[in-house]
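Encoded as structure tokens, the structure appears first; notes follow it.
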Amino acid sequence: MSQVRTRFAPSPTGFLHIGGVRTALFNWLYARRHGGRFILRIDDTDQERNVMEALQPILDGFRWLGIEWDEGPGADGDYGPYYQSERSGLYADAVEKLLASGHAYRDYATAEELQTEREAAQAEKRRFIYSRKFMADTDEKRRAFEAEGRPGVVRLKMPREGACRFTDSIRGEMELEWAREQDHVVQRADGSCLYNLATVVDDHAMAISHVIRAEEHLSNTPRQLFIYEALGWEAPQFAHLPFVAEPGSKNKLSKRKLDKYMKQPDFAKLNDHGRKIAEAIGIEIKPESFNPVVVDFYEQVGFLPDAVVNYLLLLGWALDDKTEWFTREAMIEHFSLERVNKAAASFDPQKLMAFQEHYMVELPVEQRVAKVMPFLEQAGLADKAPAAGVAAIVEAAGDRIKVGGDILDFVDFFTDDDALPYDEKAFEKRLRKPEDAAELLKGFREVLAGVEPFETDAIEGALKGFVEERGIKIGQIVHAVRVAATGKAVGFGLFEALWILGRERCLKRFDRALAQL
RNA sequence: GUCCCCAUCGUCUAGUCGGCCUAGGACACCACCCUUUCAAGGUGGCGACACGGGUUCGAAUCCCGUUGGGGACGCCA
């Protein structure tokens, strides 16, 4: 077989859907696996206004994920242009050929007439197949219809008996009856062409060898195969991927059903996690473009592309019974269409987060710091890091920082000592309520003032000594100290926290808390 | 409604031509341990072959049916 060429053909809608990414990923992987090329073609036949504006987020999404295209926008190849809006001449030529060979005909039925037929079919409970009543198969008829001022479209003259057979790489042998096929319109009265014609023309012209696409296109295949044959072209190998389903259900995942997903606990949790981060750094939150169905969401809150891609790879595909961590190289080496599952797989936000956590924890500190810095910058805190540095915080926080934006859970280390906000409940419970809290905190303040060196171990030793000397339990002081130092009831290791803040700032914060008791 | 597709734990899946499956792994969940909080970690646990018929010495695996779920039925892509 000649070179493998796969493609993904998004229409410029303004955002990249998580299910679309998976389809693109599988196409990309298949091309890479077989030393072929991956093409990005823009399906903008539907006269859009701001194509570039609506396309940018999609291109950015792919770039972020590292799914690079060999030909397409910004990557010229021998098969351009890669925008369908610039290829209309090709479609018109194909229509002429179809007409000339009798595989298509001009039709002059109006929308109302079609509707009447459709309703009649429905009333008789039979499948609606156009009667070809306004088919102009001779020049006379054509002139007559046009004299009436009817608009003319071009329809495919589909076979009405027999079956269309083809082999699907995922589903095996397929056999669909021609009789259920409509005489699909391929060209509108204004000369513009429709999807089914355009894809076939482009896939052929771009020498696409494997069409790997979502299951919803399965029913488009016969009509496309008809066009290939009519034009005397060799058809590509087809592979229909099951779609990605909603969390906890088998319905197709759709960006239009966000309201419903928000009621799904796992989805809502991920969404809230992202929203919290977005609010903290002032990203504009538009639910339709900032939510877990849209890839941009993951980039915005600081996910790792490798984690997202690895998760998506396993959504409908598996190598064996245990391998789950794949480097790009490993996925390219092992990917195969044969191992794609036939049933729809539902999107699981919790598992995606588990993958993210794994990848994040594996990263060396410097890289985690790099991942976190943009968020500190956007929050205006980058230059307010304590002396110990951001790396110390990142290290101490460990797996509490799951996505880049989680650094914002630790802003207390960046805020001015006299502006530290207190968690009211914690302040009440740990400092105001216990009778001895103030006295103990005062006592420990003095101990802390003299700790040498001011490091984690020494601080721990000092506190343990203090506890022993006073004959109290460690729990009686630790919480008060934490709230006084960080304003919060929870956080990472207390001794690390004190060390990171440094002696001066700890004392200042203690004094401020004491003053408010 | 018509046509098509699909069917293993809550979820993602392994189960390649039927025996090694009293069905394996991961996520989630539960319990205990660890522990200055929250996480993490450790140990253990819960948990599935949709159902009914065949075929066979033997079926999660093959065949038929039922049920359930989903998709497509556009002058959208």
Side-chain angles (χ1 to χ4, degrees), chain A residues 9-13 43-46 84 107 109-111 114 118 121-122 125-128 151-155 168 170-171 174-177 179-182 184-190 192-196 198-199 213-222 240 242-243 245 247-252 266 311 314-325 338-339 341-355 357-358 361 397-402 409 426 430 460 463-464 467 473-483 486 488-495 497:
Chain A
S11 23
T13 52
D43 271 19
D44 57 349
T45 51
D46 207 21
Q84 291 197 322
D107 182 66
T110 62
L114 248 16
R118 191 168 278 131
Q122 206 169 353
K125 290 198 177 230
R126 60 176 166 78
R127 180 172 35 238
F128 163 62
V153 301
V154 175
R155 286 178 181 275
D168 186 285
I170 293 169
R171 275 149 224 282
M174 300 295 303
E175 184 176 318
L176 285 332
E177 297 297 321
R180 58 179 294 272
E181 289 293 321
Q182 193 57 260
H184 307 282
V185 173
V186 289
Q187 187 176 46
R188 297 186 183 95
D190 67 1
S192 62
C193 291
L194 271 0
Y195 169 75
N196 282 114
T199 2
R213 70 213 324 188
E215 185 185 11
E216 61 213 76
H217 288 288
L218 193 58
S219 55
N220 285 331
T221 311
H240 290 94
F243 50 83
S249 117
K250 287 296 178 196
N251 295 350
K252 190 166 81 173
D266 298 338
Y311 170 74
L314 263 18
L315 197 57
W317 182 87
L319 174 63
D320 54 30
D321 60 342
K322 42 183 68 77
T323 315
E324 46 182 347
W325 308 117
E338 290 67 39
R339 293 196 66 84
N341 242 83
K342 287 206 246 308
S346 45
F347 173 66
D348 181 353
Q350 287 195 91
K351 192 150 183 170
L352 171 54
M353 190 49 108
F355 271 71
E357 199 180 326
H358 172 88
V361 169
D399 54 25
R400 290 171 186 80
I401 295 178
K402 301 187 197 316
D409 285 343
R430 300 303 192 185
E460 179 169 2
L463 185 125
K464 295 238 163 100
V467 162
K473 284 196 189 148
I474 196 162
Q476 284 172 264
I477 172 110
V478 129
H479 302 293
V481 171
R482 180 186 297 281
V483 175
T486 70
K488 291 194 174 124
V490 301
F492 50 75
L494 178 61
F495 310 117

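FYI, side chains are in, hydrogens and waters are out, and symmetry mates aren't considered; it's all heavy atoms of this structure. Sequence lines set the chain letters: A, B, ... in the order given, protein chains first and strands last, and positions in each chain run from 1.
- Among the nucleotides C76(B), U36(B), A72(B), the one closest to the side chain of K252(A) is A72(B).
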Any protein N or O atoms within reach of nucleotides 2-4 of chain B? Criterion: under 3.5 Å, listing atom names and distances.
{"residue": "U2(B)", "atom": "O2'", "partner": "R127(A)", "partner atom": "NH1", "Å": "2.6"}
{"residue": "C3(B)", "atom": "O2'", "partner": "R180(A)", "partner atom": "NE", "Å": "2.7"}

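- Contacts of A214(A) with the nucleic acid, taken as non-hydrogen atoms under 4.0 Å apart, are absent.
- When the C1' atom is compared between C21(B) and U16(B), the two are found 15 Å apart, to the nearest whole Å.
- With 3.5 Å as the limit, one finds a donor-acceptor pair spanning the side chains of H240(A) and T221(A).
- Separation of the P atoms belonging to A7(B) and C49(B) is 16 Å when rounded to the nearest angstrom.
- Note: CG (N251(A)) to C1' (G70(B)) measures 7 Å, nearest angstrom.
- Residue-level contact check: F495(A) touches the bases, meaning some heavy atom is under 4.0 Å from a base atom.
- Here the side chain of L494(A) is nearest to one of U36(B), A39(B), C75(B), namely U36(B).
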Contact list (N/O, under 3.5 angstrom) for nucleotides 20-24 of chain B vs protein:
{"residue": "G24(B)", "atom": "N2", "partner": "D321(A)", "partner atom": "O", "Å": "3.3"}

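- If you check every strand for non-hydrogen atoms under 4.0 Å, G491(A) touches a base.
- Using a 4.0 Å heavy-atom distance criterion, H240(A) is classed as making no nucleic acid contact.
- For C12(B), neither phosphate oxygen OP1 nor OP2 lies less than 4.0 angstrom from any side-chain nitrogen or oxygen of R339(A).
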Collect all protein-nucleotide pairs involving nucleotides 6-11 of chain B in which both atoms are nitrogen or oxygen and the distance is under 3.5 Å.
{"residue": "U11(B)", "atom": "O3'", "partner": "S346(A)", "partner atom": "OG", "Å": "2.9"}

